[in-house]
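Worksheet for the structure shown next.
Given the structure is predicted, the values throughout are model-derived calculations rather than measurements. Whatever order the structure lists ligands and atoms in, that order sets their numbers, starting from 1.
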Amino acid sequence: MKIVVGNHKAYLDSDTMDKFLLDIGALNSNNVIICPSFIYLDRFKDKNILLGSQTVSNYEIKATTGELSAEQLKSAGVDFSIVGHSERRQLLHESIDDTNIKIKQLLKNKMIPILCIGETKEEKDKGITKDIITKELDGAFKELSLELIEKVIIAYEPIWAIGTGITPTNDEIEDVVKYIRDYLNDSYRVANIILYGGSVNSANIDELNKLSIIDGYLIGGASTKADEFKEIINKCK
Ligand code: PGA
């Protein structure tokens, strides 16, 4: 069984969300985590799946207009949160220190962070993917105990594969994920859950499922199409 995380980003509006919920039906899956926009979290209450958010506030203080704290999310039934997504790092200039703070806020509230790491196309071409990943892991895990580090789910998401329809070959994914596993074991003595993300869809899921080194997927676009997402879920049982 693989873990399937759906990252809805800002794709759905009220009407398309109604249709999604109708088409997706009763999921009842303990390996599926859906991360809808904050405003739609409540609509998943009866789906019997796990709920995630797409980000979380850096702040604990309550006078933070427009923010949603880990404490608030937890009290709304959210147990997971994506952190360090490349879209937020690129568009909103979130830094690795921000990611570190968010991870701490989540863990403090007994939530599980889903940490996104991965290289750009330029970094891949320069052959520095593993350096980038090492830096991202060390930055995200700063000042955390090993016990807490091990709770973090890691999503290896090559930035050039996100939303592009291009996926790395299985050998390429295996090479990087093996590096992540070895690095975590050698430097931290931990063994984390590791997902792959970036243009996962119903057409490539069979090929990706051949990879035993990954524990599941972080899926953007395809997770907002009910039929396609159901097909992926069925293939990950
Ligand atoms: P994608 O997005 O599946 O649309 O490529 C993945 C992600 O951003 O997590």
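Among residues at least two apart or in separate chains, salt bridge (Lys or Arg N to Asp or Glu O under 4.0 Å) pairs with a member in residues 45-56 are Asp42-Lys45.
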Atom pairs and distances, donor-acceptor, side-chain atoms in residues 3-11, under 3.5 Å, two or more places apart:
{"unit_1": "Asn7", "atom_1": "OD1", "unit_2": "Lys9", "atom_2": "N", "d": "3.2"}
{"unit_1": "His8", "atom_1": "NE2", "unit_2": "Ser223", "atom_2": "O", "d": "3.2"}
{"unit_1": "Lys9", "atom_1": "NZ", "unit_2": "Glu87", "atom_2": "OE2", "d": "2.7"}

Please set out all donor-acceptor pairs under 3.5 angstrom arising from side-chain atoms of residues 230-237, sequence neighbours excluded.
{"unit_1": "Lys230", "atom_1": "NZ", "unit_2": "Asp23", "atom_2": "O", "d": "2.7"}
{"unit_1": "Asn234", "atom_1": "OD1", "unit_2": "Lys237", "atom_2": "NZ", "d": "3.0"}
{"unit_1": "Asn234", "atom_1": "ND2", "unit_2": "Lys230", "atom_2": "O", "d": "3.4"}
{"unit_1": "Lys235", "atom_1": "NZ", "unit_2": "Asp206", "atom_2": "OD2", "d": "3.3"}

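With hydrogens and angles disregarded, no donor-acceptor distance shorter than 3.5 Å links the side chain of Tyr183 to the backbone of Tyr188.
Remark: the Thr134 side chain and the Asp131 side chain contain no N/O donor-acceptor pair separated by less than 3.5 Å.
When the options Lys62, Glu60, Met111 are evaluated for a side chain to side chain contact (heavy atoms under 4.5 Å, CB included) with Glu71, the one that passes is Lys62.
Protein residues having at least one heavy atom under 4.0 Å from any atom of ligand 1 are Asn7, Lys9, His85, Glu157, Ala161, Ile162, Gly163, Gly198, Ser199, Leu218, Ile219, Gly220, Gly221, listed by chain and number.
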